[in-house]
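The structure under discussion appears below in the form of structure tokens.
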Amino acid sequence: YCTVPHDLHTYYVDAHTGNIIDEIPLFCHAQGTVSTNYYGSQTITTEFLNDLYVLQDNSRNIWTYSANNSTDFPLFPIISTDNIWTIPVQKTGGETHWIAGEAYDYFLNQYGLNGYDGNGGKLMIWVNYGVNEDNAYAYGGKIWIGDGNGVTTNSLTTIDIVTHEYTHNIIQHTSRL
């Protein structure tokens, strides 16, 4: 993967004037709507790949997967056919994806920090981590979010938890831990 955010476009240029006539993005960014667990409906950036929408934001280099209650790191994409994210795994993944994008934007706009490492590094997130996992973790450009224990806690996809884990990655990178 690339270490800086990238876009790929096809340009049509007037051969006589050198002016750009048309620009066609080759990455299929899309704006979807997630019905979150805690924050109502929110707009998220997704990608359209192989006739499905996936929780992948190439502009911020944030990729969100489901661990399917495993403690391994499977790359199970969370998908949607219509870019409207309403079923439980979509809501949990979409909410985390949205919050990570908001954290990215905050640190970029407030501190000029392009991603957790300042270089647009790829951030990989797993939701549905473990069984009855009542915690969240972060290390090395990765975040793992548990579903809670179902009794005293539910999905740990809150702004404070996801942003806290995002910040762990910033601290780890900037302090060279």
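Considering only heavy atoms from C-beta on, N58 comes within 4.5 Å of E47 through its side chain. Side-chain contact between T36 and K91 is absent, with no heavy atoms from C-beta onward closer than 4.5 Å. D134 has its side chain within reach of L156: a pair of non-hydrogen atoms, C-beta onward, lies under 4.5 Å apart. Between W144 and F73, some side-chain heavy-atom pair lies under the 4.5 Å cut-off. Counting heavy atoms from C-beta on, the side chains of L55 and I44 come closer than 4.5 Å. No side-chain heavy atom of W63 sits less than 4.5 Å from a side-chain heavy atom of P77. Side-chain atoms of T81 and I79, non-hydrogen and from C-beta on, never get closer than 4.5 Å to each other. Counting heavy atoms from C-beta on, the side chains of Y65 and V127 never come closer than 4.5 Å.
Using modelled atom types and a 3.5 Å distance limit, the side chains of N69 and D147 yield a donor-acceptor pair. In the model, N83 has a side-chain atom that pairs as donor or acceptor with a side-chain atom of T46 under 3.5 Å. With hydrogens and angles left out, the side-chain atoms of Y104 and N114 include a donor and acceptor closer than 3.5 Å. Side chains of T45 and Q31: a donor-acceptor N/O pair is present below 3.5 angstrom, by distance only. Under the 3.5 Å distance criterion, with hydrogens and angles disregarded, a donor-acceptor pair is assigned to the side chains of N149 and T152. Residues N128 and S66 bring a donor and an acceptor atom of their side chains to less than 3.5 Å of each other.
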Can you check side chain to side chain donor-acceptor pair (under 3.5 Å) on N68 and S70, steps first, answer last?
CA-CA 5 Å; N68 285 351; S70 169; over 6 Å; no

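Relative to the six-membered ring of W126, K142 misses at least one condition, a distance below 6.0 Å or an angle of at most 45° to the axis.
Using bins of under 30°, 30° to 60° and over 60° for the plane-to-plane angle, the ring pair H173/Y116 lands in the perpendicular bin.
Of the possible polar contacts, none joining the D72 side chain to the P74 backbone as a donor-acceptor pair under 3.5 Å is found. Not a single donor-acceptor pair under 3.5 Å links the side chain of E95 to the backbone N or O of T92. A donor-acceptor pair is defined here as one N or O able to donate and one able to accept, closer than 3.5 Å; such a pair exists between the side chain of D117 and the backbone of G121.
Among all heavy-atom pairs drawn from G148 and T153, the shortest one is CA-OG1, 3.3 Å. Of all the heavy atoms in S41 and T33, the pair that sits closest is CB-CG2, 4.1 Å.
Following chains of ILVMFWY side-chain contacts shorter than 4.5 Å, one can reach V34 starting from Y38, so the two form part of one hydrophobic cluster.
In this structure, OG1 in T157 is found 14.0 Å from NE2 in H97, a value given to the nearest 0.5 Å. I125 CD1 to L123 CG: the interatomic distance, rounded to the nearest 0.5 Å, is 4.5 Å.
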